[in-house]
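Only one structure is covered here, and it is reproduced in the block below.
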Amino acid sequence: MTKVFIINGGQKFGHSGGKFNETIAAASKNFFSDLEGFEVKTTNINDHYDPTVEVEKYVWADVIIYHTPIWWFQLPHGLKKYIDVVFTAGHNKGIYTSDGRKADNPKRNYGTGGMLQGKKYLVTTSWNAPKEAFTLPNEFFMQTSVDDGPLFGFHRMNAFTGMEKMESIHFHDVEKNADINNDLKRYTDHLILNFNNKIHEHLLNSSN
């Protein structure tokens, strides 16, 4: 049984109703719930949550899937608060023990104190910015990818806990030129590609 924890970080704030990420998060839940061999838990950061229970979900899961918009080139404050609160609650309780350094050599091994080794995470992001803002010369992001630019700190944060990164997927121009049907197809294809081995493994086991 592969355990999947889905986090909807699509915050309701200002002019954003969080609908896009709500839709993508629902697609994640439906995808895995419809397959044998997968168990799903979810969190919506707009709802009340108990940090202790959220820590338990991270410890329980084999794969964590984050769904988040990007606001002002960073995670929205609701998701950032969720991570700050939950990861702090997870100190010595399954998420991390320390920053990994030892007193006899304090300049080495920073970031090696995570407790989530063996787990993987996948992130989706949604943007007002078009894809070309990241890829074309002289455009705003100077040909720096989402993962190497705005999400660099997010990826190192998850690495700090010991988790391994899966390939991200990013949805662009969702405010002015949204194509939700195409985005959902792209996302489903992305899940099939990334979980193909797990799907085949469960199919083989169920046929034996």
Side-chain angles (χ1 to χ4, degrees), residues 2-49 54 57 61 63-83 120-136 139-141 143-152 154-155 158 165-199:
T2 299
K3 301 169 184 175
V4 182
F5 176 31
I6 301 165
I7 301 171
N8 176 11
Q11 190 173 344
K12 299 174 182 178
F13 176 81
H15 66 274
S16 175
K19 292 294 186 183
F20 183 88
N21 283 278
E22 187 176 288
T23 300
I24 298 296
S28 285
K29 181 180 179 181
N30 292 338
F31 178 86
F32 291 107
S33 296
D34 289 343
L35 292 171
E36 291 186 10
F38 289 86
E39 187 176 353
V40 176
K41 292 186 179 182
T42 64
T43 286
N44 185 329
I45 60 94
N46 296 281
D47 300 333
H48 172 75
Y49 52 84
E54 299 306 302
K57 290 179 183 178
V63 179
I64 290 86
I65 300 180
Y66 298 96
H67 297 293
T68 182
I70 299 295
W71 292 357
W72 291 105
F73 319 118
Q74 300 179 54
L75 299 183
H77 59 269
L79 179 55
K80 181 60 168 65
K81 179 182 178 181
Y82 170 88
I83 291 168
K120 297 183 179 182
Y121 74 95
L122 184 155
V123 60
T124 77
T125 66
S126 55
W127 293 79
N128 173 51
K131 180 175 66 176
E132 291 76 11
F134 297 87
T135 60
L136 295 180
E139 287 295 325
F140 186 79
F141 290 99
Q143 294 181 284
T144 303
S145 71
V146 173
D147 292 292
D148 291 336
L151 283 191
F152 178 81
F154 176 84
H155 289 309
N158 283 284
K165 175 182 176 293
M166 300 179 71
E167 184 180 355
S168 310
I169 182 168
H170 309 296
F171 303 102
H172 295 282
D173 213 358
V174 300
E175 287 192 29
K176 297 179 180 177
N177 295 292
D179 186 349
I180 188 65
N181 290 331
N182 183 62
D183 287 338
L184 284 171
K185 182 181 184 307
R186 284 183 56 225
Y187 183 53
T188 300
D189 290 345
H190 186 79
L191 291 177
I192 291 170
L193 179 66
N194 279 273
F195 291 93
N196 191 47
N197 288 339
K198 288 288 186 184
I199 293 169

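Note that the numbering runs from 1 along the sequence shown for the chain.
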For this session: Could you pull out the closest heavy-atom pair between Thr42 and Phe5, with the gap in Å?
Result: C-CE1, 3.9 Å

For this session: Assert yes or no for the condition that the ring centre distance of Phe140 to Phe73 is strictly below 6.0 Å.
Result: yes

For this session: Return the set of residues passing side chain to side chain donor-acceptor pair (under 3.5 Å) with Trp71 (not counting sequence neighbours), or none when no residue passes.
Result: none

Exercise. Which pairs count as salt bridge (Lys or Arg N to Asp or Glu O under 4.0 Å) when at least one residue sits in residues 177-188, sequence neighbours excluded?
Worked result: Asp183-Arg186, Lys185-Asp189

Exercise. How many angstroms lie between atom CD1 of Ile180 and atom CZ of Phe20, to the nearest 0.5 angstrom?
Worked result: 4.5 Å

Exercise. NZ of Lys12 to NZ of Lys19: how many Å apart, nearest 0.5 Å?
Worked result: 6.0 Å

Exercise. Taking it one step at a time, do His155 and Tyr121 satisfy side-chain contact (heavy atoms from CB on, under 4.5 Å)?
Worked result: CA-CA 9 Å; His155 289 309; Tyr121 74 95; 2.7 Å; yes

Exercise. Is it true that atom NZ of Lys165 has more than 12 heavy atoms of other residues, nucleotides or ligands lying nearer than 6.0 Å?
Worked result: yes

Run the side-chain donor-acceptor check on residues 123-130: report pairs under 3.5 Å with partners two or more places apart or on a different chain.
{"residue": "Thr124", "atom": "OG1", "partner": "His67", "partner atom": "ND1", "Å": "2.8"}
{"residue": "Thr125", "atom": "OG1", "partner": "Trp127", "partner atom": "NE1", "Å": "2.9"}
{"residue": "Thr125", "atom": "OG1", "partner": "His170", "partner atom": "ND1", "Å": "2.6"}
{"residue": "Ser126", "atom": "OG", "partner": "Asn21", "partner atom": "ND2", "Å": "3.0"}

Problem set entry | Within the 6.0 Å centroid threshold, strictly below: Phe32 and Phe195 | yes

Exercise. Would one find more than 12 heavy atoms of other residues, nucleotides or ligands at under 6.0 Å from atom NZ of Lys80?
Worked result: no

For this session: Evaluate the side-chain proximity of Leu122 to Glu167: yes if any heavy-atom separation is below 4.5 Å, no if none is.
Result: no

Problem set entry | Steps toward side-chain contact (heavy atoms from CB on, under 4.5 Å) verdict (Leu151, Ile70) | CA-CA 9 Å; Leu151 283 191; Ile70 299 295; 4.2 Å; yes

Problem set entry | Atom pair OH (Tyr66) and CD1 (Ile7), whose distance is rounded to the nearest 0.5 Å | 5.0 Å

For this session: Check whether more than 12 heavy atoms from other residues, nucleotides or ligands sit under 6.0 Å from atom NZ of Lys120, and answer yes or no.
Result: no

